[in-house]
Amino acid sequence: MSEIGIRPRMLVKDVMTSPVITIGETGNAQKAAQLMDKNDVGGVIVTSKEGKPVGIITERDMITRVLTKNTLPSSVNVKKVMTSPLLTIDPDETLTEAARKMS
C-alpha cells in the first residue's frame with residue numbers, strides 16, 4: 001500500500017519508547033533528570049512502592065516546578081514534581097486518538 005502513496009494508520013506502539021523508563025516515588029528530581037538524559041527521553045514514569053504507575057515527570061514539569069522556583073533538584077521528591085493522575089492509552093490505538101486525548 002505504501003508504494004502507491006497511501007500510509008497505513010500509525011499506531012501508538014509504532015512511536016512509543018520501550019521499555020518504559022521509571023523512577024520510584026521516593027526518588028528525587030535530579031535522579032529523574034539523569035534518567036531522562038541517560039535514556040534520551042522527555043519523561044519518566046513514577047511508580048509506587050508496589051511498582052504501579054502513579055504519575056509522570058516530564059522535562060516541562062522539571063522546568064515549571066523545579067528550575068523556575070530556583071530549587072535544588074536533589075532536594076525535591078518526584079511526587080512533588082510529577083503530573084498525576086497518569087493518563088494512558090492502549091498501544092494499538094491510533095496516533096490520531098492519542099492526539100485527541102492529549103488535547
Side-chain angles (χ1 to χ4, degrees):
M1 236 185 231
S2 60
E3 298 92 38
I4 59 173
I6 300 172
R7 282 184 67 183
R9 294 182 332 161
M10 293 284 295
L11 303 178
V12 170
K13 67 183 175 186
D14 297 328
V15 297
M16 68 185 204
T17 301
S18 183
V20 175
I21 308 303
T22 63
I23 187 169
E25 64 186 350
T26 59
N28 64 48
Q30 180 178 2
K31 178 65 175 170
Q34 290 168 339
L35 285 170
M36 285 185 238
D37 181 46
K38 177 182 175 190
N39 293 283
D40 195 27
V41 294
V44 294
I45 301 298
V46 180
T47 57
S48 67
K49 292 177 185 116
E50 296 79 30
K52 302 278 188 204
V54 294
I56 185 170
I57 182 168
T58 66
E59 293 168 334
R60 178 158 175 75
D61 293 328
M62 297 291 282
I63 291 167
T64 60
R65 298 180 184 147
V66 179
L67 298 177
T68 60
K69 308 275 191 277
N70 198 27
T71 305
L72 188 63
S74 62
S75 69
V76 180
N77 183 282
V78 293
K79 286 178 76 173
K80 295 199 184 280
V81 181
M82 72 181 188
T83 298
S84 185
L86 189 60
L87 302 177
T88 63
I89 190 164
D90 189 280
D92 289 315
E93 287 288 345
T94 65
L95 290 181
T96 302
E97 179 61 19
R100 187 191 67 72
K101 275 187 132 179
M102 287 189 287
S103 70

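We count residues from 1, following the sequence as given.
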Query raised in the report: Any chain of hydrophobic side-chain contacts (each under 4.5 Å) joining M10 to I89?
Result: yes

Requested in this report: Compare every heavy atom of V78 with every heavy atom of A32, then report the nearest pair and how far apart it is.
Outcome: CB-CG1, 4.1 Å

Return all side-chain donor-acceptor pairs below 3.5 angstrom for residues 94-103, not counting sequence neighbours, or 'none' if the list is empty.
from : atom 1 : to   : atom 2 : distance (Å)
T94  : OG1    : E97  : N      : 3.1
E97  : OE1    : R100 : NE     : 3.1
E97  : OE2    : R100 : NE     : 3.3
E97  : OE2    : R100 : NH2    : 2.6
K101 : NZ     : T88  : O      : 2.9
S103 : OG     : R100 : O      : 2.9

**Report entry** Heavy-atom side-chain contact between V76 and N28 under 4.5 Å
**Finding:** no

Query raised in the report: What are the two closest non-hydrogen atoms of V66 and A29, and how far apart are they?
Result: CG2-CB, 4.2 Å

**Report entry** Shortest non-hydrogen separation from T71 to S75 and the atoms involved
**Finding:** CG2-OG, 4.0 Å

Query raised in the report: Got a donor-acceptor contact below 3.5 angstrom from the S84 side chain to the V54 backbone?
Result: yes

Query raised in the report: Does L11 offer a backbone N or O that forms a donor-acceptor pair with the side chain of D14 under 3.5 Å?
Result: yes

Requested in this report: Look at the side-chain heavy atoms of Ile, Leu, Val, Met, Phe, Trp and Tyr, link any pair under 4.5 Å apart, and say whether V41 and I56 land in one connected group.
Outcome: no

Requested in this report: Quick one: which residue pairs count as a salt bridge (charged side-chain N to carboxylate O under 4.0 Å, His left out) with a foot in residues 71-93, not counting sequence neighbours?
Outcome: K13-D92, E25-K79

Query raised in the report: How would you list all residue pairs meeting salt bridge (charged side-chain N to carboxylate O under 4.0 Å, His left out) that involve residues 42-61, not counting sequence neighbours?
Result: D61-R65

Requested in this report: To the nearest 0.5 angstrom, please state how far the CD1 atom of I45 sits from the CE atom of M82.
Outcome: 10.5 Å

Report task. Begin from the C-alpha positions of I23 and L35 and carry the test side chain to side chain contact (heavy atoms under 4.5 Å, CB included) through to its verdict. Result -> CA-CA 8 Å; I23 187 169; L35 285 170; 4.0 Å; yes

Query raised in the report: Which pair of non-hydrogen atoms, one from Q30 and one from S74, has the smallest distance, and what is that distance?
Result: OE1-CB, 2.9 Å

**Report entry** Minimum-distance pair of heavy atoms, taken over all atoms of I57 and M62
**Finding:** CD1-SD, 3.5 Å

